[in-house]
Structures are given as C-alpha cells and as structure tokens.
Amino acid sequence: MITPQEQINTDSTGWSLGVYSLPTEPIPKQRRVKVSTYTKLYEHIRQGYGTGHGKNYKPWLTLTRKNPSPTSNQVVSYMPPLERTAHYFSRGEYHTALFLLWLGVLDLREQFPIWPIAHPHPLDGASAGINTKLKWSRGLLSIAREADIKHGHEVGSKRPYVASIDLVATTPFGDNFALSFFSSKPIHEPTAKVNWRTSERLELERRYAKEVCANYFVSSSALIPLRVASQLEWWIDCSTLHFCPELLKLASKFSDLVNSSLTLSISEAVISASTEFSIPIDHGWSLFRHCAWKQLIDIDPSVQILTSFPVRSGGRALRTKIQQELFRESWL
C-alpha cells in the first residue's frame with residue numbers, strides 16, 4: 001500500500017521519485033571576489049598598461065571574457081588610424097572614437113589612467129619635439145581631498161583605486177600639442193538626474209583636466225548620430241589602406257576622377273574610375289571608402305549615403321566646423 005507521501009513522490013508510470021527529485025531551479029555558483037593587491041598593480045604597470053602613445057599605447061583597462069558588462073554594448077576593434085586594437089566599454093565610446101579619428105586627432109587613448117599619486121603630464125613622451133617643461137599632476141588623491149570628495153579604494157582592499165578617463169585625444173595646437181578628455185556616460189538629456197557618485201567622479205575628472213590644461217567634455221551615445229557612426233564605421237577599415245598599401249598611390253587621381261563626375265551615381269563613378277585605372281571593382285570601392293574617410297572626396301556622413309545617387313558634398317565643411325567648436329582651431 002502506497003502512503004500519501006509516497007504518492008506525491010511517484011510519477012505517472014508508477015516509479016518512485018523519492019529522494020532523487022531534482023530542484024526546479026539550479027542554485028547559482030557564487031562568484032569569487034578578486035582582491036586587488038599592490039603586487040598585481042605593479043605587475044600591471046610593469047607590463048606597460050596605461051602608458052605609451054600612438055600604436056605603443058596599452059589601455060589601463062581591457063575587455064576580456066571575465067569582465068563583460070550586462071548592460072553596455074562593448075567593442076574590441078582594430079583601429080587602422082591608431083595601428084592597434086582598442087577597447088571601448090560602451091557603444092557610445094566607440095562611436096565617439098570613430099568621430100574623433102575622422103576629425104583627424106593625432107592620437108586617441110582609451111581607458112586612460114588617472115594615477116592617485118603624483119605623476120608625469122599625460123603628454124609626457126608624446127614626441128621628442130614637445131615642450132619638456134610639462135607640469136606634473138599632483139595625483140587624484142590630492143585633487144579629491146581639495147574638492148572634499150571621497151577618492152575610494154579597490155574592492156576588498158585599502159589601496160586607492162586607479163580611476164580612468166574614457167577617451168584622451170591629442171590634437172595639434174599651433175606648434176605644440178593639446179589634450180581633450182571625453183567622458184562617455186549614459187546621459188541622454190541635459191536635465192537628466194545623475195547618480196551622486198557619478199557626479200563626484202565627473203567633477204574629479206573635470207578638476208584633473210583643468211590641472212593638466214586639457215579640454216573636458218561629457219558625452220553620451222546620443223552625441224554621435226547613428227547614421228554618422230554607421231557610415232564612419234563603413235569607411236574606417238579603408239582609412240589607411242593598410243591591407244593594400246599599393247592603392248595609396250592612386251588615391252589622389254582616383255578622387256579627382258570621382259570629383260569630376262558628380263553627375264554620376266556613386267556606383268557609376270566608382271566603376272568608371274576603376275575601369276580608368278584598370279583595377280578590380282572591389283579595389284575601386286576600397287579607394288572610394290579611403291577617399292571618403294580622408295575627405296579627398298567631399299562627402300557628408302551626416303546625410304544618408306545611397307550609392308545609386310550622386311555624392312552629396314558637405315563633409316569637409318562639417319569636419320572644419322566641429323574641429324573649431326571642440327578644439328578652437330582646424331588643422332585639415
């Protein structure tokens with residue numbers, strides 16, 4: 001005779017489930033919190049993270065399988081103008097980087113560290129001809145104390161954390177260089193409420209930028225229209241023609257031919273120019289994308305580009321306008 005309890009643990013075939021019944025949901029394994037130590041910090045610095053310029057720069061923070069964000073659309077991509085792989089922790093950072101590189105910045109360093117202690121100026125070592133009298137920064141700990149803002153420590157440690165700026169752009173400025181900091185945050189409206197800790201961190205970044213004589217901007221993914229970003233993303237792979245350098249010698253004549261055929265559709269102009277130079281059509285499209293990125297062909301990325309229609313000019317004027325608005329001068 002089957003007891004009521006045995007009846008509960010018996011399936012429709014009569015087999016007793018008993019103690020072999022499984023829980024309806026698996027119990028998630030607790031993630032182990034990794035404690036930051038000075039040994040790990042020194043090793044990170046020794047390996048060159050957070051230092052260098054141009055293709056030799058290594059971002060302080062990098063994206064790995066162990067640190068994906070559940071909310072941000074993150075990007076790891078080879079950026080031809082930088083000649084290295086870059087790590088962007090949000091789609092907004094990536095779009096801003098695309099736009100700044102199209103504007104023609106000399107260098108763009110992502111996840112740039114703001115050391116808590118005194119350290120050399122961010123332009124230190126950028127070029128042999130740069131002003132050697134660059135002032136050191138006091139470090140973010142000193143700046144935070146002056147602002148009466150808590151600096152903060154690494155999780156599970158008493159060691160001050162190393163803050164980072166999302167993007168640091170190096171631009172020409174007269175006979176020297178200038179710096180501009182871009183902090184990419186999910187702030188879509190000027191009146192939007194900002195978390196108090198985020199506000200404090202933005203204030204510390206602003207004060208640090210002021211100390212090293214850098215421009216400071218807070219941007220969001222809405223700063224760069226999706227249409228502009230998508231078209232710049234189409235062009236950037238051919239920005240340097242690193243995969244086919246022999247095409248570079250044709251770029252000037254190719255762009256002249258396209259610029260003299262503005263009544264033709266883009267497709268017709270590319271086919272005509274490719275035939276003129278006896279190159280495959282795919283090489284012709286690579287040259288078109290290269291010339292568009294360099295603005296050898298004056299094409300506006302802020303309007304929809306349809307290859308069945310002629311080129312719509314305005315890219316050069318747009319680039320000059322934004323250069324002057326952000327950096328107070330144009331250089332291309």
Side-chain angles (χ1 to χ4, degrees), residues 69 71-82 86-111 165-169 171 180-194 198 202 205 215-240 258 262 265-267 285 288-332:
S69 169
T71 57
S72 296
N73 190 344
Q74 301 169 315
V75 179
V76 179
S77 175
Y78 180 78
M79 307 296 275
L82 300 176
H87 296 250
Y88 303 110
F89 278 63
S90 71
R91 180 65 59 170
E93 282 183 32
Y94 176 55
H95 288 174
T96 304
L98 283 173
F99 194 66
L100 292 172
L101 291 172
W102 179 71
L103 290 178
V105 298
L106 299 177
D107 193 11
L108 189 64
R109 292 173 285 176
E110 76 281 8
Q111 321 312 329
I165 288 279
D166 295 326
L167 296 167
V168 176
T171 59
S180 293
F181 292 174
F182 292 83
S183 187
S184 185
K185 296 291 182 287
I187 303 171
H188 304 290
E189 297 292 339
T191 57
K193 290 185 177 180
V194 180
T198 299
L202 292 175
E205 291 175 356
N215 299 317
Y216 180 64
F217 304 94
V218 178
S219 63
S220 74
S221 57
L223 177 68
I224 312 300
L226 288 177
R227 177 175 294 168
V228 174
S230 64
Q231 290 171 166
L232 294 182
E233 192 168 5
W234 180 42
W235 296 347
I236 193 172
D237 286 343
C238 297
S239 58
T240 63
V258 173
L262 295 181
S265 69
I266 294 175
S267 293
W285 279 112
F288 172 78
R289 292 161 64 190
H290 171 76
C291 293
W293 176 270
K294 292 289 188 180
Q295 286 297 296
L296 297 175
I297 298 172
D298 183 14
I299 182 169
D300 188 353
S302 67
V303 298
Q304 187 174 10
I305 298 174
L306 299 174
T307 57
S308 56
F309 284 78
V311 167
R312 295 180 64 177
S313 62
R316 294 174 185 172
L318 173 65
R319 191 171 61 174
T320 298
K321 176 185 176 183
I322 301 299
Q323 285 173 349
Q324 292 174 340
E325 288 180 356
L326 291 180
F327 311 114
R328 299 194 294 276
E329 70 172 13
S330 60
W331 54 84
L332 294 173

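For this chain, numbers begin at 1 and follow the sequence in order. Both backbone and side-chain heavy atoms feed into the values below; hydrogens, waters and symmetry mates do not.
- Scanning all heavy atoms of the two residues, the minimum distance from D166 to F182 falls at CB-O, 3.4 Å.
- Closest approach of T171 and V105 over heavy atoms only: CG2-CG1, 3.8 Å.
- Between W102 and F99, the ring planes lie tilted relative to each other; the angle falls in the 30° to 60° range.
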Check the pair L167, L108 against side chain to side chain contact (heavy atoms under 4.5 Å, CB included), reporting the backbone distance first and the verdict last. CA-CA 7 Å; L167 296 167; L108 189 64; 4.3 Å; yes
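- In this structure, CZ on R312 lies 8.5 Å from OG on S302, to the nearest 0.5 angstrom.
- Formation of a donor-acceptor pair under 3.5 Å by the R289 side chain with backbone atoms of W234 is found in this model.
- Here the closest heavy-atom approach between residue H87 and residue V76 is recorded as ND1-CG2, 3.8 Å.
- We find the CE-CD1 distance between M79 and I236 to be 3.5 Å, quoted to the nearest 0.5 Å.
- In terms of heavy-atom proximity, L232 sits nearest to P301 at CD2-CB, 4.3 Å.
- Between L98 and the choices Q231, E93, E233, the side chain to side chain contact (heavy atoms under 4.5 Å, CB included) rule is met once, by E233.
- By the ring pair (Phe, Tyr, Trp, His ring centres under 6.0 Å) test, Y216 is found to be paired with no residue, residues two or more places apart in sequence or in another chain being considered.
- Residue Q74 is tested with Y88, F89, Y94 for a side chain to side chain contact (heavy atoms under 4.5 Å, CB included); the sole match is F89.
- A side-chain donor-acceptor contact under 3.5 Å links S267 to the backbone of T307.
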If you apply the rule side chain to side chain contact (heavy atoms under 4.5 Å, CB included), what do you find for D237 with W293, and how did you get there? CA-CA 9 Å; D237 286 343; W293 176 270; over 6 Å; no
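- Residues satisfying the ring pair (Phe, Tyr, Trp, His ring centres under 6.0 Å) criterion with F309, sequence neighbours excluded, are absent altogether.
- Contact detail for I165 and V168: the closest heavy-atom pair is CG2-CG2, 3.8 Å.
- Taking OG of S239 as the reference point, atom CG of L82 lies at 9.0 Å (rounded to 0.5 Å).
- Interatomic distance, CD1 of I224 versus CG of L100, reported as 7.0 Å (0.5 Å rounding).
- Atoms CD1 and CH2, on I297 and W235 in that order, are 9.5 Å from each other to the nearest 0.5 Å.
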Identify all side-chain donor-acceptor contacts of residues 314-327 below 3.5 Å with residues at least two apart in sequence or on another chain.
residue : atom : partner : partner atom : Å
R316    : NE   : Q295    : O            : 2.8
R316    : NH2  : Q295    : O            : 3.1
R316    : NH2  : L296    : O            : 2.9
T320    : OG1  : R316    : O            : 3.1
Q323    : OE1  : W331    : N            : 3.4
Q323    : NE2  : L103    : O            : 2.7

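- Heavy atoms only, all atoms of each residue included: N215 and S180 are closest at ND2-OG, 3.2 Å.
- Rounding to the nearest 0.5 Å gives a distance of 8.0 Å between OG of S313 and CG of D300.
- Panel note: side chain E205, backbone S183; no donor-acceptor pair is recorded below 3.5 Å.
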